[in-house]
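Beneath this line is the structure, given in structure tokens, with notes to follow.
Only this structure's heavy atoms are used, side chains among them; waters, hydrogens and symmetry mates stay out. Chain identifiers are assigned alphabetically (A, B, ...) following the order of the sequence lines, protein sequences preceding nucleic acid strands; residue numbering begins at 1 within each chain.
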Amino acid sequence: MIYLVTNQKSLFETNKHFSFATVAEVIEYFEDHSHVAFDTETTGFDPYLCQLLSAQFGDSKNQYVVDCSTVDICLFKKLLESKIIIMQNAKFDLKFLYRKKIVPINIYDTMLAERVLSTGIYNHRKALDYLVYRYCKKEMDKTIRGNIHKEGLSSAVIVYAANDVKYLHDIMRKQMIKIKEQDLYVALFLDNEYVKVLAYIEFSGFKLDISKWQLKMEEDNNNLLETRKDLDDWILNSNMEEFIKKDSQLDMFNPNANDPICGILWSSSKQVVKLFKKLGLNTEVKDDKTGKMRDSVDAKIVRPQINKSPELLEKYLKYKGYDKIVSTYGESFIRQINPETNKIHTQYTQIMNTGRLSCGGKNKITKEEYVNLQNIPRDDRTRSCFIASEGNVLIVADYSGQEQIVLANQSQDKDIINFYKKGLGDMHSFVASKIFPELADLDLKEIKSKHSEKRQVAKGAGFAINYGGTGYTIAENLSISIEQGDKVYEAYFDAFPGLKDHFKKVKAKTLKNGYILFNNFTKRKCYIDSFDEFKAKRKVTQENGFWVKYNKEKAIKSNEYIQELGPLVRKVFSWKGLLERNALNYPIQGTSADITKMAGVFMFRYLIEKDLLFKVFMPNVVHDEILLDCPKEIAETLAEALKASMEEAGKVFCKTVELTAVPVITDYWTH
DNA sequence: ATCTGTAGCGCC
DNA sequence: AAAGGGCGCTACAGAT
């Protein structure tokens, strides 16, 4: 049954789809309920610029649609803050509730549950209509959605709105069966807790020093134009006619008509390739996806060859830098400043394949854009444009070596643990001492100062290996031979046998299970998409006599080899390689994400406990870094609380070597 | 004119 | 046999 809760009954009296209820009746109905399904309809996406049209409370039997234009949502504050609230995509509704100072404590988000259950599976839809069909076998009509803004609370909208809460209990019940089966209860609990924090982060917003940003934009733009002119001039002075064309403006009064102009569009890699080839650069790289050679003017390809045309290439690299800054980190940030708060309120996505957050995006319907606050250039010039609210300071805290320490704990490698426990100093020097016998007896400080090249090799090797790289990768990165790369690789694992053993186990377990298990606390998993297909393909290559046949056909380059066996083998091995690399990396990256989420949860609880919500803000979070925007007077206390929250969360996952977090109190975003 | 894929590069 | 993980944004190129 659908009930309407409104103070202008007369407007709706003719409608037969629903009855009426009072606020008291709604509250009374849910008195003996532990769970309340909740949803809102709004005039738009921005909680500062748009309003609540309706709020729906319900279960599978009854749905109450509250007309928010005549009934104050705050009358339901107690209900919302005391029950377990089931929502689909809670983050959206929470921001509108926060605006009313309503802060639900217990949340079950059906969308997050579905994300947790299907992490890693592509094309798994999580929109409500899909969930309703998947779990309740009911078709939902979403066509009216686009009209809500125009129609307001029409009868059709009321029925539609009621439907949005009708199935949530049922979906939750059925999801929970799977959650238990797949042992994902803690992962889901963490994400249900964290959605409150993430909504608060989006709600908080990040203040941008507009005039400083604009000044920076102007400088960058001037630099870009100047550099481009230099590049053009270089071409014009070079006599390379194929790159020079005539100004084609068909304007007889244009005095510049028919003047020679540069024919290269510098932001077109395709066009630049032609020039660089002429200048004798080697632009060939192996394509990661296809394995075939292709041309590239990637900075890391060009930089080592800068001596082939120093003047031009130096300018070109500069140009690329300015081009990136101007296009990606310019005007769009100004556009997204909210007129109500004067801050940037972007959007985050809560559960990626590794359990990390992502940030940014664009609403395809409304065309609203959201900037990515997780890849802001880290130089002071840029970051100092991000500031605290009026009268406040920022607290910036990040974990020291978060992923490294997570790996140390997960692998339980004795040497790595010993290194951290004893606080021996520089990790890369330590690795260098392990993989270069001649450095074994030296002091780590001496290695750092006197053997920086070997330290650099160690650094690159450790980094590559932790992400699943091999001797080949090390060789590529450090421009050494594959043999040397392999040597470093082997030396690394000889030095850390516990790590070698750990990686071996993790790979085997993943290929057996069909999912990557991140850690034993949340038990978060990334499922391997199309795992059955992979197994079937792999099985073919493991059958008796396959390799005999393969080698025979390969030797004569038969059609069968070229069209079937070759591609099959390549596919199986590249797929397996990818799975194994992911198996090594995801637990590190994903556990780190769990830790940072939990730290956010602890901090959020602290803010509620100390009645600091809406006084202390959380403007951003970047993987291993959490920011607060807080009144100066309490900054010291809050910095300690943030540090404590982060380290407490760390302890839950990292028991052997504990994580430390370092807070900095500052006027602008810095390290 | 609008869409899609790719190259390149910013961050952790 | 392939060969470092995760993400999002922008401009260009090519297609429709």
(request) Could you pull out all residues at least two apart from Lys362(A) that satisfy salt bridge (charged side-chain N to carboxylate O under 4.0 Å, His left out)? (result) none
(request) Please work out which residues in residues 559-568 of chain A have a non-hydrogen atom less than 4.0 Å from an atom of DNA chain B and list them by number. (result) none
(message) Going 5' to 3' along DNA chain B, which are the first and last nucleotides with any atom under 4.0 Å from a heavy atom of chain A?
(response) dA7(B) to dC12(B)
(message) Suppose we screen for salt bridge (charged side-chain N to carboxylate O under 4.0 Å, His left out). Which residues come up paired with Lys571(A), at least two apart in sequence or across chains?
(response) none
(message) List the residues meeting ring pair (Phe, Tyr, Trp, His ring centres under 6.0 Å) with Tyr348(A), not counting sequence neighbours, and say none if there are none.
(response) none
(message) I need the residues from residues 343-373 of chain A with at least one non-hydrogen atom less than 4.0 Å from DNA chain C; give them sorted by number, or say none.
(response) Met352(A), Asn353(A), Thr354(A), Arg356(A), Ser358(A), Cys359(A), Gly360(A), Gly361(A), Tyr370(A), Asn372(A)
(request) Over 60° means perpendicular and under 30° means parallel, so classify the ring planes of Phe653(A) and Phe521(A), tilted if in between. (result) perpendicular
(request) Check ring pair (Phe, Tyr, Trp, His ring centres under 6.0 Å) between His345(A) and all other residues, then give those that pass, not counting sequence neighbours. (result) Tyr48(A)
(request) Decide, yes or no, whether a salt bridge links Lys643(A) with Glu647(A) under the criterion of side-chain N to carboxylate O below 4.0 Å. (result) yes
Protein-nucleic acid N or O pairs under 3.5 Å, nucleotides 13-16 of chain C:
from: dA13(C); atom 1: OP1; to: Ser268(A); atom 2: OG; distance (Å): 2.3
from: dA13(C); atom 1: OP1; to: Gln271(A); atom 2: NE2; distance (Å): 3.2

(request) Kindly assign one of parallel, tilted or perpendicular to the pair Phe430(A) and Phe496(A), based on the angle between their ring planes and the thresholds 30° and 60°. (result) tilted
(message) So for the helix from dA1(B)-dT16(C) to dC12(B)-dG5(C), with five pairs setting each end axis, what is the inter-axis angle to 10°?
(response) 10°
(message) If you take any heavy atom closer than 4.0 Å to DNA chain C, which residues from residues 584-602 of chain A end up in contact?
(response) Asn585(A), Tyr586(A), Gln589(A)
(request) Would you mind checking if Lys576(A) and Glu580(A) are paired as a salt bridge, meaning a charged N to carboxylate O distance below 4.0 Å? (result) yes
(request) Applying salt bridge (charged side-chain N to carboxylate O under 4.0 Å, His left out), name anything that partners Glu476(A), two or more places apart in sequence or on another chain. (result) none
(message) Tell me every residue that passes salt bridge (charged side-chain N to carboxylate O under 4.0 Å, His left out) with Lys277(A), counting only those two or more places apart in sequence or in another chain.
(response) Asp295(A)
